[in-house]
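These notes concern the structure reproduced below.
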Amino acid sequence: MASATASISSHSAVLRDVKAARIGTVRTQVSAAPSAAAARGQRARAVRPLRAAEPGRQPVSASAASAAPVAPVAEEVPAVAVPAAVDYEALAQELEGASPLEVMDRALAMFGSDIAIAFRCVTQHTARLVRILFHAPVCVRHPLACGGLGFGFCAVPCPEGSWVSCGAEDVALIEYAKLTGRPFRVFSLDTGRLNPETYQFFDKVEKHYGINIEYMFPDAGEVQALVRSKGLFSFYEDGHQECCRVRKVRPLRRALKGLKAWITGQRKDQSPGTRASIPIVQVDPSFEGLDGGAGSLIKWNPVANVDGKDIWTFLRTMDVPVNPLHAQGYVSIGCEPCTRPVLPGQHEREGRWWWEDAKAKECGLHKGNIEKENQAAPKANGNGAGAADIFQSQAVVSLTRPGIENLLRLENRSEPWLVVLYAPWCPFCQSMEASYVELAEKLAGSGVKVAKFRADGEQKPFAQAELQLQSFPTVLLFPSRTARPIKYPSEKRDVDSLLAFVNSLR
């Protein structure tokens with residue numbers, strides 16, 4: 001989510017006025033654009049974690065890149081120190097009426113090279129279908145958009161037909177970053193199962209902006225184990241969550257561990273029922289950043305308040321490249337086996353994981369920003385009765401009150417137990433869910449049992465008195481030959497830290 005240095009894109013902007021609602025008016029200077037060969041001559045194809053040092057890929061100033069015949073290397077742009085006492089809720093309120101360009105400029109100014117734009121990590125699964133009544137005539141300019149079905153439907157904005165969107169927020173973010181004139185970084189997740197058109201789109205974006213996208217890949221061993229044990233298409237039988245966890249969520253977690261902040265294309269209108277409260281900037285509720293621990297990563301959402309139609313207006317005005325799949329009826333674009341076009345009147349999510357229940361259609365990248373339908377808000381006393389349960393995995397044993405009392409009474413256990421005391425509504429519990437489940441899977445068959453115990457509500461007094469609970473989450477290790485459980489003392493809840501704790505006391 002040693003500070004990383006990476007190839008920083010630099011550009012010259014096109015002279016034009018942008019006149020779109022909520023987008024703001026932007027005037028830029030014309031300068032000579034570098035040749036495509038020069039911009040891409042030094043492209044590095046080796047993929048490394050974002051936190052890995054890359055001495056050959058230093059940040060480059062915007063003016064230098066425009067003038068130089070070859071890709072120049074300038075002095076590294078250090079990250080600007082962020083005040084320790086930043087009130088991000090107050091900052092979000094301050095920026096509520098700001099344009100995306102202003103928000104982007106503030107984000108890049110605050111975090112320098114310790115922030116990166118997530119490209120195609122968001123729109124793969126959160127593109128919002130703009131609902132339009134399809135009474136317009138069939139579009140003749142883009143016949144593929146309606147699939148020859150005779151609907152007045154076109155996925156490409158044009159005067160002949162109605163149009164839907166969007167899935168293009170991320171490339172809009174890159175355009176905004178370019179317009180600030182500041183150095184910036186872009187990373188993306190390559191799951192290994194994307195459409196050919198998406199890979200071609202990656203290449204087109206890199207050429208258009210003269211940048212090197214920092215690709216993150218899933219762990220080869222994890223993918224191999226999954227495919228060998230369950231096959232290439234197991235998600236059609238037992239759901240997409242396991243595959244997404246291996247191919248998307250874990251690579252994203254690795255990427256964010258090398259950053260202090262990231263920039264996403266989430267918008268409030270993508271799903272009014274679940275994302276209506278997305279702030280402009282927030283402490284990331286689900287992932288950890290470079291410094292580790294809860295609150296170590298900041299998440300920026302510059303287009304949170306922008307309508308989908310205004311995103312398209314901006315992209316058309318600035319002549320920004322978009323994924324050609326949009327012109328074929330794809331609205332929400334993800335991995336090829338899990339994505340299909342949608343018909344007029346269908347929600348965009350009908351094109352993703354269509355064999356599953358609609359309420360399960362999230363891959364986990366933005367779980368902290370998803371509001372469950374009919375979910376009760378946590379009560380002041382911590383009951384949180386309506387919150388959906390977490391740490392759901394076959395590798396995690398769910399303990400009842402009698403179960404954990406028996407565990408407490410045993411003085412000579414046959415095997416050690418690792419137990420998390422949690423409350424499902426707690427954002428810090430939610431943020432460690434993926435790492436705890438991954439840890440449980442790693443420890444499966446090792447002789448260590450991994451479990452959870454819900455300790456809020458009426459169980460909280462017991463947990464405070466008998467289980468050392470002070471705050472959520474609390475992690476306890478019950479050693480095999482020691483009666484009293486040992487409390488995990490650190491705020492770092494990544495897999496490696498938890499595993500080191502277990503191994504040191506086994």
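Along the sequence shown, the residues carry numbers beginning at 1. The analysis underlying the following values was restricted to heavy atoms, covering all of them including side chains, and did not include hydrogens, waters or symmetry mates.
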Mind checking whether W425 and I390 have side chains closer than 4.5 Å, heavy atoms only?
no
Hey, does V283 have a side-chain heavy atom less than 4.5 Å from the side chain of K299?
no
Using a strict 4.0 Å threshold on nitrogen-to-oxygen distance, state whether K230 and E237 make a salt bridge.
no
Taking the six-membered ring for Trp, are F201 and F119 closer than 6.0 Å centroid to centroid?
yes
Could you verify whether a donor N or O on one side chain and an acceptor N or O on the other, from E433 and Y422, lie under 3.5 Å apart?
no
So do W262 and R185 actually touch side chain to side chain, heavy atoms under 4.5 Å?
no
Can you confirm whether L505 sits close enough to P479 that some side-chain heavy atom of one is under 4.5 Å from a side-chain heavy atom of the other?
no
Does a side-chain heavy-atom distance below 4.5 Å link L226 with E242?
yes
Salt bridge flag under 4.0 Å for residues R253 and D494
no
Around atom CZ of F428, are there more than 12 heavy atoms of other residues, nucleotides or ligands at under 6.0 Å?
no
Taking atom types as modelled and ignoring hydrogens, do the side chains of Q459 and R454 form a donor-acceptor contact shorter than 3.5 angstrom?
no
Once the angle between the rings of Y215 and F217 is folded into 0 to 90°, is it parallel (under 30°), tilted (30 to 60°) or perpendicular (over 60°)?
tilted
Quick one: do E441 and R250 make a salt bridge, cutoff under 4.0 Å?
yes
Just wondering, do V186 and D170 contact through their side chains at under 4.5 Å, heavy atoms?
no
Do the side chains of V420 and F453 get nearer than 4.5 Å, heavy atoms only?
no
So how far is it from I213 CD1 to I174 CD1, rounded to the nearest 0.5 Å?
6.0 Å
Is E96 paired with K268 through a side-chain N to carboxylate O contact shorter than 4.0 Å?
yes
Salt-bridge test for E288 and R493: reply yes if a basic N is under 4.0 Å from a carboxylate O, no otherwise.
no
